[in-house]
Chemist: 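Okay, here's the structure, questions in a sec.
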2 protein chains.
Amino acid sequence: MRGMDEVRPGREPSPPALPAEHVESLVRVLDVVRDTTATTRPDIARRTGLGRNVVSDRVRQLSAVGLLTEGDLARSTGGRSPRQVRFRAEAGVVLVADVGATSIEVALSDLAGNLSHTHDEIADVTVGPTEVLSRVAALFDELIAALPDGTRVWGVGLGLPGPVEFETGRPVAPPIMPGWDGYGVREFMAARFGVPVWIDNDVNLMALGELRGGLAAGHRDVVLVKVGTGIGAGLVSHGLLHRGAQGCAGDIGHTAVRGSTALCRCGQHGCLEALAGGAALARDGLAMAIAGTSPALARAHAEGHEISAETVIRAAHHGDVSSRALVIDSARLLGEALARVVNFFNPSLVVIGGGVAAAGDLYLAELRQSVIGRSLPLATRTLDIILSPLADRAGLRGAAFMVVDELLSPARLSAPSHG
Amino acid sequence: MRGMDEVRPGREPSPPALPAEHVESLVRVLDVVRDTTATTRPDIARRTGLGRNVVSDRVRQLSAVGLLTEGDLARSTGGRSPRQVRFRAEAGVVLVADVGATSIEVALSDLAGNLSHTHDEIADVTVGPTEVLSRVAALFDELIAALPDGTRVWGVGLGLPGPVEFETGRPVAPPIMPGWDGYGVREFMAARFGVPVWIDNDVNLMALGELRGGLAAGHRDVVLVKVGTGIGAGLVSHGLLHRGAQGCAGDIGHTAVRGSTALCRCGQHGCLEALAGGAALARDGLAMAIAGTSPALARAHAEGHEISAETVIRAAHHGDVSSRALVIDSARLLGEALARVVNFFNPSLVVIGGGVAAAGDLYLAELRQSVIGRSLPLATRTLDIILSPLADRAGLRGAAFMVVDELLSPARLSAPSHG
DNA sequence: TCAGGTTAGGCACGCATCATGCATAAGTCA
DNA sequence: TGACTTATGCATGATGCGTGCCTAACCTGA
């Protein structure tokens with residue numbers, strides 16, 4: 001991996017060099033424009049508390065480096081119409097990837113988390129970091145090849161299915177990623193692409209995606225639950241990701257469920273994940289297919305189809321009674337665990353994401369009932385529990401926001417460093 | 001309550017008027033001096049990144065209003081010795097109270113959380129807000145009467161045994177405080193004493209006490225567990241109190257314990273609190289005394305002593321086998337719940353406070369074992385679990401820090417408002 | 001004890017930033 | 001169309017803060 005070209009020919013340094021002065025006000029202006037709390041100069045002045053003159057100047061500077069641009073005139077409020085100011089999300093792209101236990105998702109993202117060229121494929125994370133990351137890098141190469149000339153690549157954002165030490169970008173003792181412990185993921189990608197790289201847990205990135213540009217925008221205390229093969233949660237406190245001391249906060253998949261002894265992939269018995277995760281759904285569905293308890297699943301199995309969580313969910317939607325019971329049972333079990341989480345963390349919003357969220361209202365209704373029935377009334381008084389539509393790709397969007405937010409953070413702009 | 005003197009004669013407005021300019025640098029200087037990360041002018045400059053000139057000027061201003069003072073010369077590091085700068089904790093006092101389910105604690109605190117004139121008494125919070133708060137106010141009056149002339153009262157800090165909406169200072173649907181829901185506690189105290197008032201949950205205040213001036217200083221992710229009559233937790237994320245959306249975050253006392261149907265004071269069955277709290281210890285101890293299972297408790301009971309959690313703990317320490325088993329069982333149960341909390345929140349420190357913490361190493365050892373045996377290895381890798389000595393009065397200290405921190409916060413200093 | 005080096009800390013100056021006032025542009029409303 | 005309101009640029013002035021210089025006060029080594 002050594003000896004690669006540090007700076008690619010024809011690629012501009014990224015992000016565009018901002019003036020090192022006025023960092024604070026520059027960021028404040030940029031922030032309110034980015035999340036569209038302000039769209040005109042007077043708006044920005046009001047929101048940031050900066051003088052109208054300063055705002056004008058900062059907008060000028062940011063426009064000069066291509067981060068902002070003027071749009072049409074906005075509606076007048078009685079006098080001269082203000083010109084609209086817009087974040088130039090097209091000023092650069094971010095390479096984002098979400099490595100799951102059994103899959104790789106990559107995409108190109110603009111600076112506002114809008115994805116394009118999304119690509120999914122099956123992959124096994126257990127084959128180790130060099131192989132998986134090489135594949136991700138190859139996919140990134142394809143994305144880069146398709147870029148129009150002169151497009152700036154601002155950075156790489158990566159999600160991994162395990163705990164990550166955010167500062168160093170290294171996995172820490174990930175249970176389902178043998179060989180990845182302490183691996184220098186950032187160094188690998190930085191050497192390959194010569195741009196800044198950030199890595200985080202995939203569930204944290206989903207939470208960030210929902211927080212910065214999704215359903216959780218504006219909330220300060222959020223729990224995002226991803227129900228995929230496994231079950232995990234991303235926590236937001238004070239509007240910031242709560243990663244915990246080791247970066248492994250959010251584990252709810254391996255809490256014991258009463259009266260169960262099912263073996264979990266983590267090695268313990270009775271884990272929630274072993275009962276209510278996607279893998280559990282598939283396992284129980286297969287059992288029902290073989291036992292003949294479910295006509296629909298039995299037929300699918302007989303026809304040679306694999307029985308996956310998706311199969312079970314589809315059968316449930318088509319009225320298969322046993323599948324329906326399985327899905328509802330899964331929702332109820334998750335709800336019991338979530339009730340504890342709600343009591344403890346007291347979020348204003350719980351977002352359910354991941355593959356099982358495709359089960360839709362059937363799942364959500366049971367989940368809601370289960371949570372509300374077991375939580376303190378106060379904690380659920382204004383609590384919202386919603387599904388994150390799958391098409392959202394919150395994880396990839398979160399990866400993009402991670403990169404852009406870090407690059408445009410005051411700390412980095414005032415003292416440019418790694419990357 | 002209306003018509004009371006708004007500003008008492010002979011009492012100065014509080015806190016001393018700081019200049020409205022330079023608020024940010026003033027606060028930064030004050031902060032590093034307050035938590036003693038910097039004790040000399042050059043130190044302050046290094047820590048805050050401010051110029052030595054600015055630091056000198058701010059120190060001058062803060063000294064002029066009595067918040068800082070110069071001390072002796074510090075050790076030289078090769079050149080002229082710097083003069084030490086110290087926070088004048090004696091520049092004012094804060095009236096603090098911790099209202100528990102069955103008790104009132106009040107004290108005088110200096111601006112650094114050092115308590116004096118501590119006073120405890122039995123009280124029943126269920127008699128309602130006016131009665132309880134009047135009693136607190138009467139105790140405060142006694143404290144004020146004992147103050148030297150000219151002492152400035154900066155504010156009132158109050159802890160309550162239930163969820164509190166921090167911004168308004170009103171209890172929200174507190175389960176064990178009938179009649180308090182939505183009561184204007186702040187208004188009551190402000191009208192009575194004419195100073196700013198802040199109120200928070202008592203467990204949050206314990207966490208704040210440990211965070212700002214106790215065992216948790218410097219940690220960013222902390223869980224404080226109070227095991228008193230009931231069981232509750234205070235959470236610290238990013239070095240800030242996580243209060244949750246309704247201010248009721250930290251509930252762990254009412255999570256279901258498998259295989260139990262004990263009736264809890266919250267009305268549900270099988271709560272942790274009903275099994276492992278102080279009340280449960282007392283209840284089970286009494287049962288053992290009556291049944292004769294424990295000689296020590298039976299004797300105490302026969303002699304007419306009340307069997308409290310403290311009695312059981314003392315018996316355990318004196319070698320009473322049954323009491324010992326009871327205490328250990330309590331620790332084990334709490335440990336099981338805490339293991340889930342540790343997995344979910346991933347703190348770097350867990351502090352155990354409250355009356356049951358008096359059980360000491362006997363309790364702590366079993367608790368540690370129980371937590372570590374059931375948590376993810378990663379989450380416990382650098383986890384510390386410690387006891388908060390009772391004499392600490394972390395709650396009262398936290399109440400003092402709450403008031404002083406709010407009064408010396410940038411927001412308040414730049415735009416003085418309520419109080 | 002003294003010289004040379006190092007750190008503290010005050011004072012004056014100058015630069016840079018930001019707010020204010022004024023002029024102008026461009027809209028609304030009667 | 002005129003009076004009013006709002007937006008925006010430019011010049012001006014105040015203010016905050018860093019820098020350079022000086023003195024004070026300590027150290028080390030001869």
Side-chain angles (χ1 to χ4, degrees), chain A residues 18-33 36-65 67-86 410 413-415, chain B residues 18-33 36-65 67-86 410 413-415:
Chain A
L18 274 178
E21 316 93 50
H22 311 285
V23 169
E24 200 172 320
S25 49
L26 281 169
V27 170
R28 278 169 76 182
V29 169
L30 204 46
D31 279 350
V32 293
V33 177
T36 64
T37 45
T39 58
T40 69
R41 264 166 266 238
D43 246 18
I44 298 170
R46 273 187 293 272
R47 293 282 176 181
T48 60
L50 299 169
R52 55 181 209 272
N53 221 328
V54 182
V55 170
S56 268
D57 188 64
R58 298 303 172 275
V59 169
R60 220 188 324 275
Q61 289 184 58
L62 292 167
S63 301
V65 295
L67 288 177
L68 293 184
T69 185
E70 307 220 348
D72 296 333
L73 293 179
R75 286 216 65 76
S76 161
T77 56
R80 171 176 173 176
S81 302
R83 260 169 293 179
Q84 285 191 316
V85 175
R86 189 179 59 78
L413 290 178
S414 54
Chain B
L18 274 177
E21 317 93 49
H22 312 287
V23 168
E24 199 173 322
S25 49
L26 281 168
V27 170
R28 279 168 74 182
V29 168
L30 205 44
D31 279 351
V32 294
V33 177
T36 63
T37 46
T39 58
T40 69
R41 264 166 265 236
D43 247 17
I44 299 170
R46 272 188 294 273
R47 294 281 175 180
T48 59
L50 298 169
R52 56 181 209 274
N53 221 329
V54 182
V55 169
S56 268
D57 188 61
R58 296 304 171 276
V59 169
R60 219 188 325 274
Q61 288 184 59
L62 291 167
S63 300
V65 295
L67 288 177
L68 293 183
T69 185
E70 308 220 348
D72 295 334
L73 294 179
R75 284 219 67 75
S76 158
T77 57
R80 171 175 171 176
S81 303
R83 260 170 292 180
Q84 285 190 317
V85 175
R86 191 179 58 79
L413 290 178
S414 54

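Quick note on labels: first sequence line is chain A, next is B, and so on, each numbered from 1.
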Chemist: Is the phosphate of C:dC18, meaning OP1 or OP2, less than 4.0 Å from a side-chain N or O of A:His22?
Modeler: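 Yes, A:His22 has a side-chain N/O under 4.0 Å of OP1/OP2 on C:dC18.
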Chemist: Checking B:Arg46 against B:Asp43 for the salt bridge (charged side-chain N to carboxylate O under 4.0 Å, His left out) test, could you report, in this order, the C-alpha distance in whole Å, the side-chain angles of both residues, the deciding distance, and whether it holds?
Modeler: CA-CA 5 Å; B:Arg46 272 188 294 273; B:Asp43 247 17; 3.1 Å; yes
Chemist: I want to verify a distance call: between C:dG27, C:dG9, C:dT7, whose nearest atom is closest to the B:Thr77 side chain?
Modeler: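 Shortest atom-to-atom distance from the side chain points to C:dT7.
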Chemist: Could you tell me how far apart B:Asn53 (CG) and C:dG14 (C1') are, to the nearest whole angstrom?
Modeler: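 Roughly 13 Å, once rounded to whole Å.
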Chemist: Return whichever of A:Arg58 or B:Asp57 has its heavy-atom-nearest nucleotide of DNA chain C closer to the 5' end.
Modeler: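 The residue mapped nearer the 5' terminus is B:Asp57.
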Chemist: Show me, pair by pair, the donor-acceptor contacts under 3.5 angstrom made by side chains of residues 67-74 of chain B, not counting sequence neighbours?
Modeler:
{"unit_1": "B:Glu70", "atom_1": "OE1", "unit_2": "B:Arg41", "atom_2": "NH2", "d": "3.2"}
{"unit_1": "B:Glu70", "atom_1": "OE1", "unit_2": "B:Arg83", "atom_2": "NH1", "d": "3.4"}
{"unit_1": "B:Glu70", "atom_1": "OE2", "unit_2": "B:Arg41", "atom_2": "NH1", "d": "3.4"}
{"unit_1": "B:Glu70", "atom_1": "OE2", "unit_2": "B:Arg41", "atom_2": "NH2", "d": "2.3"}

Chemist: If you check the B:Arg80 side chain, which of D:dT23, C:dA19, D:dC21 turns out closest?
Modeler: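 Nearest to the side-chain atoms of B:Arg80, counting from C-beta on, is D:dT23.
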Chemist: Nearest whole Å is fine: how far is C:dC18 P from A:Arg60 CZ?
Modeler: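 Atom-to-atom, A:Arg60 to C:dC18, this comes out as 13 Å.
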Chemist: Which part of the nucleic acid does B:Gly51 contact within heavy-atom distance under 4.0 Å: base, sugar-phosphate only, or nothing?
Modeler: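 B:Gly51: backbone/sugar contact only, no base atoms under 4.0 Å.
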Chemist: Side chain of A:Ser76, heavy atoms from C-beta onward: which of C:dT28, C:dG9, C:dA19 has the nearest atom to it?
Modeler: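 For the A:Ser76 side chain, the nearest candidate turns out to be C:dT28.
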Chemist: Report the distance from atom CG of A:Leu73 to atom C1' of C:dA25, rounded to the nearest whole Å.
Modeler: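 Spelled out: CG on A:Leu73 to C1' on C:dA25 is 12 Å.
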Chemist: Quiz question: going by heavy-atom distance under 3.5 Å, is there a donor-acceptor pair between the base of D:dG20 and the side chain of B:Arg52?
Modeler: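 Present.
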Chemist: Expressed in angstrom and rounded to an integer, what is the separation of A:Leu50 atom CG from C:dC18 atom C1'?
Modeler: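 The answer, rounded to whole Å, is 10 Å.
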Chemist: Think A:Ser56 has a side-chain N or O under 4.0 angstrom from the OP1 or OP2 of D:dT8?
Modeler: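 Checking A:Ser56 against D:dT8: no side-chain N or O falls below 4.0 Å of OP1 or OP2.
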Chemist: Expressed in angstrom and rounded to an integer, what is the separation of B:Leu68 atom CG from C:dG9 atom P?
Modeler: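 Whole-Å distance recorded here is 14 Å.
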Chemist: Expressed in angstrom and rounded to an integer, what is the separation of A:Leu26 atom CG from C:dA16 atom C1'?
Modeler: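 Distance, rounded to whole Å: 15 Å.
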Chemist: Using whole Å, what does the distance between atom C1' of nucleotide C:dA19 and atom CZ of A:Arg41 come to?
Modeler: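 Interatomic distance, CZ of A:Arg41 to C1' of C:dA19: 18 Å.
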Chemist: Please report the interatomic distance CG(A:Leu50) to CD(A:Glu24), rounded to the nearest 0.5 Å.
Modeler: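 The CG atom of A:Leu50 sits 9.0 Å away from the CD atom of A:Glu24.
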Chemist: Considering only heavy atoms from C-beta outward, does the side chain of B:Arg86 approach that of B:Val33 to under 4.5 Å?
Modeler: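 Sidechains of B:Val33 and B:Arg86: no contact.
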Chemist: State which of C:dC18, D:dG18, D:dT6 makes the closest approach to the side chain of A:Ser25.
Modeler: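 Among C:dC18, D:dG18, D:dT6, the one nearest the side chain of A:Ser25 is C:dC18.
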Chemist: To the nearest 0.5 Å, what is the distance between OG1 on A:Thr39 and CD1 on A:Ile44?
Modeler: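 Output value for this atom pair is 8.0 Å.
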